[in-house]
**Q** 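Please find one structure pasted underneath; my questions will follow.
This structure is a prediction, so every number in the text was calculated from the model and none was measured. Side-chain atoms are counted along with the backbone in the values below, which use heavy atoms only and exclude waters and symmetry mates.
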Amino acid sequence: MVNKYAIVLAAGQGTRMKSKLYKVLHPVMGKPMVQHVIDQLQALNLDKIITIVGYGAEQVKQQLGSASEFVVQKEQLGTGHAVLQAKSLLADKKGVTVVVCGDTPLLTAETLEQLFNYHQENQAKVTVLTTMVDEPAGYGRIVRDQDNNLAKIVEQKDATTEELAIKEINTGTYCFDNKVLFEALAHVSNDNKQGEYYLPDVIEIAQANGDKVAAFSAKDSNETIGINDRVALAQAEKLMKQRINRQHMQNGVTILDPEQTYIGPDVEIDPDVVIEPGSILKGVTKIGADSMIGPHSEIVDSTIGESSKITHSVVYHSDIGSRVNIGPFAHIRPASQIKDDVKIGNFVEVKKSIIEETSKVSHLSYIGDAEIGKNVNVGCGSITVNYDGENKFLTKIEDDVFIGCNTNLIAPVTIGQGAIVAAGSTINKDVPSEALSIARAKQVNKDDYAKKFNKLLK
Ligand code: UD1
Ligand code: CA
């Protein structure tokens, strides 16, 4: 078995993005581009992944963590110079190195595997991943000789009119024999329009030394797009969205309008889930079988059980059980746990609360910092008064409690098991189990008073 390494180029600023965020950190379907690249590389079981960092080095390191080793490129003198920075880590190692740009987020592990196999089968020392595109502008062009073999790569800015017409482009992904790579890099010059050390120049140098160079063509040119500006970023977003949605549909998920459905790369969805238009599922999220999401729901970093329904609502960083009904127009804020068979109705906000099985909060309520037991009914317009402007306090509602409409529960407070709180109460003392609590002004009826009042008005 040959040793396999990867170098990810991620030191550039990405001037064409016109952004304060470094290019490779721009997200595609919620995940930074360079993270997409690393995730695909990790599927290849490599001996080492080295990321070349420069602009935004700290942020890129923080994003990738232990998934990669890092080398700093102090000055961005070109892609060839960038790879050269890994010399001390790789030059003395026998093996094959895959070089990938941090701005090609759609590249898949399968294509990288094919590239690697092609390189090995052809006993090449350098293999370039190329592809055919209708609009080659911005890419390096693949120049072939009379025998149709790879001769060199010319950058857009250095190309002749004839070369500019070539539709086969350099994807920026390569396989190199390690020894050949670092020997050739030593001879790359910056004698070109951009005054940069170009990695593709290694091809001509290796060839001149008698080393075999090859080109492997990727069938799907959508997979290899390099993101240099926000127009390409939007293209990548669309392509990634289509790819993810197709995968879920093939796995048995119904997506009514894939164009209007955004599912992040780390979302898991069981079969027979139905996703209605305008829904956004992000982060590490899992949706259980037979659930219905949408229309127009946003779910972030959350788990949803089976046969639950989330309509026109948002759920952030929370766990939702099975057969739960949420919405329309509910807001589930972080650290909430909503257990099986619970109903959360319209205009209800839940924050950092546990709601046990079969309880109902059906309309217009705020439940914050609360522990609600089983089979509790919270009437319309009830509020946990959890904040005194300084600190947050806990409201505890035990099993089988009935909270009447428009109740204020001033925390810290406990409502004992089976108690009833009358509508309109403002509760600031614990209510014992099985008690009825009424805390509101007494009603006074003044006979004929309205009649007199109306007469006065005339
Ligand atoms: C590069 C290729 C081009 C290819 C295209 C594919 C070169 C000279 N050109 O052009 O043939 O068609 O990719 O998308 O290689 N980087 C560094 N350090 C540097 C310069 C760049 O780390 O000094 C990194 C960037 O962060 C980026 C990657 O290398 O992730 C590619 O650089 P970029 O400037 O985008 O190259 P292109 O002009 O797209
Ligand atoms: Ca690029």
Side-chain angles (χ1 to χ4, degrees), residues 7-19 21-28 32-34 36-37 40 52 54-56 73 76-83 99-108 111-112 115 127-144 150-174 188 190-204 215-240 242-243:
I7 298 175
V8 180
L9 305 184
Q13 183 180 24
T15 322
R16 290 164 280 183
M17 294 298 281
K18 303 205 168 119
S19 175
L21 184 64
Y22 304 108
K23 176 164 78 171
V24 297
L25 291 175
H26 274 266
V28 172
M33 293 198 244
V34 67
H36 280 286
V37 173
Q40 295 301 315
I52 312 297
Y55 279 101
Q73 182 193 22
Q76 281 57 56
L77 303 180
T79 49
H81 179 259
V83 171
V99 176
V100 200
C101 294
D103 66 351
T104 51
L106 287 137
L107 198 62
T108 63
T111 298
L112 288 167
L115 171 69
T127 305
V128 182
L129 182 69
T130 74
T131 197
M132 300 297 292
V133 293
D134 289 333
E135 289 169 29
Y139 290 102
R141 308 298 204 279
I142 301 296
V143 179
R144 289 175 180 271
L150 173 64
K152 61 173 180 176
I153 294 173
V154 277
E155 291 305 302
Q156 165 98 16
K157 288 185 179 144
D158 304 296
T160 63
T161 323
E162 277 145 42
E163 287 166 343
L164 285 176
I166 298 172
K167 297 203 162 169
E168 187 180 13
I169 58 113
N170 171 23
T171 65
T173 306
Y174 322 76
V188 169
N190 64 352
D191 182 16
N192 52 54
K193 284 271 160 60
Q194 302 190 84
E196 287 182 5
Y197 297 90
Y198 292 161
L199 177 61
D201 286 358
V202 162
I203 292 162
E204 274 180 288
F216 174 70
S217 183
K219 270 161 220 77
D220 183 4
S221 62
N222 284 334
E223 224 192 81
T224 56
I225 61 169
I227 313 306
N228 294 330
D229 59 25
R230 308 238 190 184
V231 175
L233 184 66
Q235 270 167 355
E237 188 83 11
K238 186 171 176 169
L239 289 166
M240 186 69 83
Q242 287 171 342
R243 178 193 289 176

**Q** Assess the residue pair Leu164 and Arg141 against the criterion (side chain to side chain contact (heavy atoms under 4.5 Å, CB included)); give the C-alpha distance rounded to whole Å, side-chain angles, the decisive distance to 0.1 Å, and a yes or no.
**A** CA-CA 7 Å; Leu164 285 176; Arg141 308 298 204 279; 3.6 Å; yes
**Q** Atom NZ in Lys152, atom CG in Asp201: separation rounded to 0.5 Å?
**A** 9.5 Å
**Q** To the nearest 0.5 Å, tell me how far Leu107 CG sits from Leu115 CG.
**A** 8.5 Å
**Q** How close do Val154 and Ala159 get, counting heavy atoms only, and between which atoms?
**A** CG2-CB, 4.1 Å
**Q** Only counting residues at least two apart or in another chain, list the ones meeting side-chain hydrogen bond (donor to acceptor under 3.5 Å, both in side chains) with His26.
**A** Ser19
**Q** Between CG of Leu150 and CZ of Arg144, what distance do you get to the nearest 0.5 Å?
**A** 6.5 Å
**Q** Do Asp103 and Asn228 have side-chain heavy atoms sitting under 4.5 Å apart?
**A** yes
**Q** Under the side-chain hydrogen bond (donor to acceptor under 3.5 Å, both in side chains) test, which residues partner Glu223, sequence neighbours left out?
**A** Thr108, Thr111
**Q** When rounded to the nearest 0.5 angstrom, what distance separates OG1 in Thr79 from CG in Leu9?
**A** 6.5 Å
**Q** Find the distance between CE (Met33) and OG1 (Thr104) and round it off to the nearest 0.5 Å.
**A** 9.5 Å
**Q** Measuring from Cys101:SG to Ile227:CD1, what's the distance to the nearest 0.5 Å?
**A** 11.0 Å
**Q** With sequence neighbours left out, write down each residue that passes ring-ring contact (aromatic ring centres under 6.0 Å, His included) with Phe216, or none if nothing qualifies.
**A** Tyr118
**Q** My understanding is that only residues two or more places apart in sequence, or in another chain, count here; which of them pass side-chain hydrogen bond (donor to acceptor under 3.5 Å, both in side chains) with Gln76?
**A** none
**Q** With sequence neighbours left out, what residues match Tyr174 under ring-ring contact (aromatic ring centres under 6.0 Å, His included)?
**A** Phe176
**Q** Are the side chain of Tyr139 and the backbone of Gly226 linked by a donor-acceptor contact shorter than 3.5 Å?
**A** yes
**Q** Take Ile225 and Leu106 through the side chain to side chain contact (heavy atoms under 4.5 Å, CB included) test and state the conclusion after the steps.
**A** CA-CA 7 Å; Ile225 61 169; Leu106 287 137; 3.7 Å; yes
**Q** Compare every heavy atom of Glu155 with every heavy atom of Pro200, then report the nearest pair and how far apart it is.
**A** CG-OE2, 3.9 Å
**Q** At their closest point, which heavy atom of Val34 faces which heavy atom of Ala10, and how far apart are they?
**A** CG2-CB, 4.2 Å
**Q** Cut-off 3.5 Å, no hydrogens considered: what does the side-chain donor-acceptor table look like for residues 129-137, sequence neighbours left out?
**A**
residue : atom : partner : partner atom : Å
Thr130  : OG1  : Glu168  : OE2          : 2.6
Thr131  : OG1  : Ala218  : O            : 2.9

**Q** Should Ile153 and Ile203 be marked as a side chain to side chain contact (heavy atoms under 4.5 Å, CB included) after you check the CA-CA gap, both sets of side-chain angles, and the distance that decides it?
**A** CA-CA 8 Å; Ile153 294 173; Ile203 292 162; 3.3 Å; yes
**Q** As a quick check of understanding, evaluate side chain to side chain contact (heavy atoms under 4.5 Å, CB included) for Val83 and Ile52, giving each step before the final call.
**A** CA-CA 7 Å; Val83 171; Ile52 312 297; 5.9 Å; no
